[in-house]
Amino acid sequence: MAKRRKVGNLLGLAVLSTVSAKPMHPYEMASLMRARGKDRDMDIKWGSLYTVVGNLEKHGFLAVEGSSRHGSRPERTVYRITDAGRDELADWVRELIGVPERERPRFEAGLSVLGALGPDEAAALLRRRLDAMEREIAEDRAVLEAAKEVPRLFLIEAEYDLAMRRAEAEWVRGFLAEIEDGTLPDLDLWRAFHETGEMPPELAELAERGAPKD
């Protein structure tokens, strides 16, 4: 089970990781995190950066190192990571890597109510999704192959994302084939429901039972 952290926003994790290399001001943090694609790895709201940095300082994970000024720009506060911040960073990473947590993607939510659409429309939408996914997978695979000189340690999150999307595409491909070739169990009941507007008794009984327990 995930711990309740003093700063639980994943942007805080990204900040601690970024500042662990050297002291920097928030603008530099944001520039580096954007360059490294951190907003692809986690849900980041850039508008909350200064609030997150302030909270990390409040709880002793960051400390003010000094300030810097470039030309006529306003003076910027430079932060460094503290020993407590390094401990928090390491503990947070241990939790994220070692403690499995069930995540609920939007696609799973859509699948849970797929019966609201007829089989033909569902198949067309799944085909559209699969085509888009295959294009994205090909593009991302090309990017990874072109990054051969980058140490693999800095690409593992991209490898993982690609593997997960390949697995999803394979599942969608199989499910779509079952609809299109008519081998999906109870496909006739699903189609009849949308053609007549009446719930077949077999489906009505299942709906009354509720979902199976995990």
With sequence neighbours left out, what residues match Asp87 under salt bridge (charged side-chain N to carboxylate O under 4.0 Å, His left out)?
none

Apply side-chain hydrogen bond (donor to acceptor under 3.5 Å, both in side chains) to [X] and list each qualifying residue two or more places apart in sequence or on a separate chain.
X      : answer
Glu168 : Arg129
Asp83  : none
Glu134 : Arg173
Ser112 : none

Pair listing, side chain to side chain donor-acceptor pair (under 3.5 Å) test, anchored in residues 118-127, at least two apart:
Asp120-Arg191

Would you please name every residue forming a side-chain contact (heavy atoms from CB on, under 4.5 Å) with Glu108, sequence neighbours left out?
Arg102, Arg104, Pro105

I need the full list of salt bridge (Lys or Arg N to Asp or Glu O under 4.0 Å) pairs touching [range], with sequence neighbours left out, sorted by first then second residue.
range            : result
residues 42-65   : Asp43-Lys45, Glu65-Arg80
residues 9-29    : Lys22-Glu28
residues 138-147 : Arg40-Asp140, Asp140-Arg165

Minimal non-hydrogen separation, [X] against [Y], with atom names:
X      : Y      : result
Leu176 : Ala123 : CD1-O, 3.4 Å
Ser48  : Leu11  : OG-CD2, 3.7 Å
Glu157 : Asp41  : CG-OD1, 3.3 Å

To the nearest 0.5 Å, what is the distance between [atom1] on [X] and [atom2] on [Y]?
X      : Y      : atom1 : atom2 : value
Leu96  : Met42  : CG    : CE    : 8.0 Å
Met29  : Tyr50  : CE    : OH    : 8.5 Å
Leu144 : Leu155 : CG    : CG    : 6.0 Å
Leu126 : Phe107 : CG    : CZ    : 6.0 Å

Going by side-chain heavy atoms closer than 4.5 Å, which hydrophobic residues are tied to Val143, directly or by a chain of links?
none

Give me each pair satisfying ring-ring contact (aromatic ring centres under 6.0 Å, His included) with a member in residues 132-181, each pair once, sequence neighbours excluded.
Trp171-Phe175

